[in-house]
Amino acid sequence: MNEITVDGKRIDMTLTGPRDVIDQTQGIGALPVVTRDGRIVPVEGLANVRITSGPTEIRRSERARTVTLQVTPNAETPLQEALELIEERVIKPMEESGLPDGVSLHITGTADKLIETWDEMVIDLLLAIIIVYLVMAVLFESFVYPLIIMLTVPVAAAGGIAGLAILNIGVNQPLDMLTMLGFIILTGIVVNNAILLVHQTLYHMREDGMSADDAIMRATQNRVRPIFMSTLTSVFGMLPLVVFPGAGSELYRGLGSVVLGGLSLSAVLTLAIVPPMMSITVGWREQRKNQDAGSVVTPAQ
């Protein structure tokens, strides 16, 4: 099979003969061909016939011929790891050695969907952080206090990674898409404890007239018990999802371990991060705010 040009169009040329005449492939060379002068000659008298292996069908992608190689990793190898192995040990060496003109390599199928899903998950995580920050900026009427609260998000992410690492000591739990979803859930949960501390501190300063240090200390004392109560209820409620095996537990075990680790670590480190940051910023901001309010001159009657 080859291609010929007819009226400016490239079409496939296929050589066919009468049916039930040739019973084997080697007989192609004996097919009769009628020439222009009326003579009948065999094909092997006009061309060199070579028998080679070829595809049973020709596949095209975007009008280009393609050859598909299907790779199925074993059950113990994550898809992401298999994808990295193929790129590093197969595709990259072939590209470095030089590919023929018109030949290119592409990874499609499940691997392509994995890359697309991963990119969308990263975008969703960034959107979650931005939305949470903007909502708190509107509620607190400040862009500084939400920054202090958002410091708990990296702490929760570290706790989620630690929880996943501890889980991998007993079972093999890869970082799949459901596990990544746990980090997005943490973004909206762990900020609650810091919101309680910041709101209570501002309440003591504005309503009770306390100084910044006294307000931070009183807010921390008042909110320690609710913080640990809410954290413990969430942790013990999520614990059976991670500890007890069962049908479908392997799907949500990674998500549960990330949420457990993030909540546990953030509950402790929030009390060590937010109060010092508040002592640096809140007193200065409230004092400046009061000075700006006192500098307003009331016109004489």
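Bear in mind that the values here come from a model prediction, so they are computed numbers and not experimental data. We number each residue from 1, following the sequence as shown.
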Minimum-distance pair of heavy atoms, taken over all atoms of Ala267 and Asn193: CA-ND2, 4.2 Å
ILVMFWY cluster, Val135 and Ile185 together (side-chain gap under 4.5 Å): no
Pair Arg253-Leu167, side chain to side chain contact (heavy atoms under 4.5 Å, CB included): steps then yes or no: CA-CA 9 Å; Arg253 186 182 297 152; Leu167 179 64; 3.5 Å; yes
From Leu126 atom CG to Ile184 atom CD1, the distance as rounded to the nearest 0.5 Å: 9.5 Å
Val259 reachable from Phe236 in the ILVMFWY side-chain graph, under 4.5 Å edges: yes
Single hit among Ser211, Pro275, Pro276 for side-chain contact (heavy atoms from CB on, under 4.5 Å) with Ile216: Pro275
Nearest-0.5 Å distance that lies between atom CG in Asn222 and atom OG1 in Thr201: 9.5 Å
Which atom of Leu265 lies closest to which atom of Val155, heavy atoms considered: CD2-O, 3.6 Å
CZ/Phe140: more than 12 non-hydrogen atoms of other groups inside 6.0 Å: yes
Sequence-distant partners of Asp208, salt bridge (charged side-chain N to carboxylate O under 4.0 Å, His left out), two or more places apart: none
Any side-chain heavy-atom pair of Val191 and Thr152 under 4.5 Å: yes
Path from Leu181 to Leu263 over hydrophobic side-chain contacts below 4.5 Å: yes
Exercise: identify the closest heavy-atom pair between Leu197 and Thr220: CD2-CA, 3.9 Å
Flag side-chain contact, heavy atom, 4.5 Å: Ile149 against Tyr133: no
Shortest non-hydrogen contact between Ser264 and Leu260, atoms and distance: OG-O, 2.8 Å
Distance, nearest 0.5 Å, that separates OG of Ser234 from CD1 of Ile189: 6.5 Å
Shared hydrophobic cluster for Met278 and Met217 (ILVMFWY, side-chain gaps under 4.5 Å): no
Atom pair CZ (Phe183) and CG (Asp124), whose distance is rounded to the nearest 0.5 Å: 15.0 Å
Nearest heavy atoms of Ser266 and Gly262, plus distance in Å: OG-O, 2.8 Å
Pairwise distance OG1(Thr281) to OH(Tyr145) - rounded to 0.5 angstrom: 6.5 Å
Check against side chain to side chain contact (heavy atoms under 4.5 Å, CB included), Val138 and Leu134: CA-CA 6 Å; Val138 172; Leu134 293 178; 5.6 Å; no
CA sep, side-chain torsions, deciding dist, call: Ile86, Ile91, side chain to side chain contact (heavy atoms under 4.5 Å, CB included): CA-CA 6 Å; Ile86 293 175; Ile91 296 179; 4.2 Å; yes
Contact list for residues 31-42, test side chain to side chain donor-acceptor pair (under 3.5 Å), sequence neighbours left out: Thr35-Asp37, Asp37-Arg39
Closest non-hydrogen atom pair between Ala156 and Leu186, with its separation: O-CD1, 3.7 Å
Value rounded to 0.5 Å, distance of CG in Leu147 from CE in Met136: 8.5 Å
Heavy-atom side-chain contact between Pro32 and Val41 under 4.5 Å: no
Chi angles and distances behind the side chain to side chain contact (heavy atoms under 4.5 Å, CB included) call for Met210, Arg218: CA-CA 9 Å; Met210 293 184 178; Arg218 180 67 62 84; 3.5 Å; yes
Same apolar cluster (I L V M F W Y, side chains within < 4.5 Å links), Leu139/Ile129: no
